[in-house]
Amino acid sequence: MTLFALAIGTTLIVVAGLLHHGALYNIGRFTQASERNSTKTIHLTFAGLLVLHVGEILAFSAVNFLLLNWDSIGGPKEEAIDWADVIYLTGVNFTTLGYTQIELVGPIRMVTMLQSLGGFMLLTWSATYLFTVCQKSWQQAERE
């Protein structure tokens with residue numbers, strides 16, 4: 001079951017990466033219309049990335065909620081957790097902190113571990129993207 005959990009986690013990260021790429025492309029297309037105002041471009045990009053990451057956390061949460069209701073893959077050590085707990089657990093893992101009061105047991109830990117890795121990769125990808133947008137916007141503002 002551990003290898004199966006690793007496969008689930010890896011698949012989730014690959015799918016998230018593909019969707020993230022498409023979302024970055026669309027954020028870029030959306031903000032192109034505001035390129036005359038560099039501050040507006042930066043703000044729209046930042047807001048788009050925020051919405052994107054919240055959506056990714058909610059998507060991972062939905063998967064985690066389903067997996068946590070599957071007895072074979074493990075679950076919380078103490079007691080059942082509700083939807084808000086799953087969002088909290090996923091959000092903390094997505095930002096790679098991983099410190100929550102919710103302790104998981106079983107192969108589900110492999111899935112959440114890989115979600116932490118994926119969250120780190122997606123967040124750094126977005127940070128690099130935002131840095132590039134800022135750099136281009138500021139260079140354009142200097143030329144004007």
Spacing of [atom1] belonging to [X] relative to [atom2] belonging to [Y], to within rounding of 0.5 Å:
X: Leu114; Y: Phe60; atom1: CG; atom2: CZ; result: 9.5 Å
X: Leu68; Y: Ile81; atom1: CG; atom2: CD1; result: 5.0 Å
X: Ile73; Y: Met1; atom1: CD1; atom2: CE; result: 6.0 Å

If we only count heavy atoms from C-beta on, is the [X] to [Y] side-chain gap below 4.5 Å?
X: Trp125; Y: His20; result: yes
X: Thr41; Y: Gln32; result: no
X: Thr45; Y: Phe30; result: no

What are the two closest heavy atoms between [X] and [Y], and how far apart are they?
X: Arg109; Y: Thr112; answer: O-OG1, 3.1 Å
X: Leu24; Y: Ser126; answer: CD2-OG, 4.5 Å
X: Leu52; Y: Ala23; answer: CD1-CB, 3.5 Å
X: Pro107; Y: Gly74; answer: CD-N, 4.4 Å

Can you tell me if [atom1] on [X] sees more than 12 non-hydrogen neighbours from other groups inside 6.0 Å?
X: Trp70; atom1: CH2; value: yes
X: Leu18; atom1: CG; value: yes
X: Asp82; atom1: CG; value: yes
X: Tyr88; atom1: OH; value: yes

What's the verdict on side-chain contact (heavy atoms from CB on, under 4.5 Å) for Gln115 and Asn64, showing C-alpha distance, side-chain angles and the deciding distance?
-> CA-CA 10 Å; Gln115 287 175 354; Asn64 286 342; 2.9 Å; yes
In terms of hydrophobic clustering (I, L, V, M, F, W, Y; side-chain heavy atoms under 4.5 Å; direct or indirect links), are [X] and [Y] co-clustered?
X: Leu66; Y: Leu12; answer: no
X: Phe65; Y: Ile108; answer: yes
X: Val111; Y: Phe4; answer: yes
X: Ile8; Y: Leu58; answer: yes
X: Leu19; Y: Leu130; answer: no

Please check if any side-chain donor atom of Thr95 sits under 3.5 Å from a side-chain acceptor atom of His53, or the reverse.
-> no
Begin with the C-alpha distance, continue with both residues' side-chain angles, and end with the deciding distance and a verdict on side-chain contact (heavy atoms from CB on, under 4.5 Å) for Ser61 and Trp83.
-> CA-CA 8 Å; Ser61 295; Trp83 176 240; 3.8 Å; yes
Using modelled atom types only, decide if a donor and an acceptor are shared between the side chain of [X] and the backbone of [Y] within a distance under 3.5 Å.
X: Thr124; Y: Met121; result: yes
X: Tyr129; Y: Leu49; result: no
X: Ser116; Y: Asn93; result: yes

Tell me, with the steps shown, if Leu117 and Ile13 meet side-chain contact (heavy atoms from CB on, under 4.5 Å).
-> CA-CA 8 Å; Leu117 174 61; Ile13 301 313; 6.0 Å; no
Test side chain to side chain contact (heavy atoms under 4.5 Å, CB included) applied to Ser137 and Thr31, Thr132, Ile42, the passing residue | Ile42
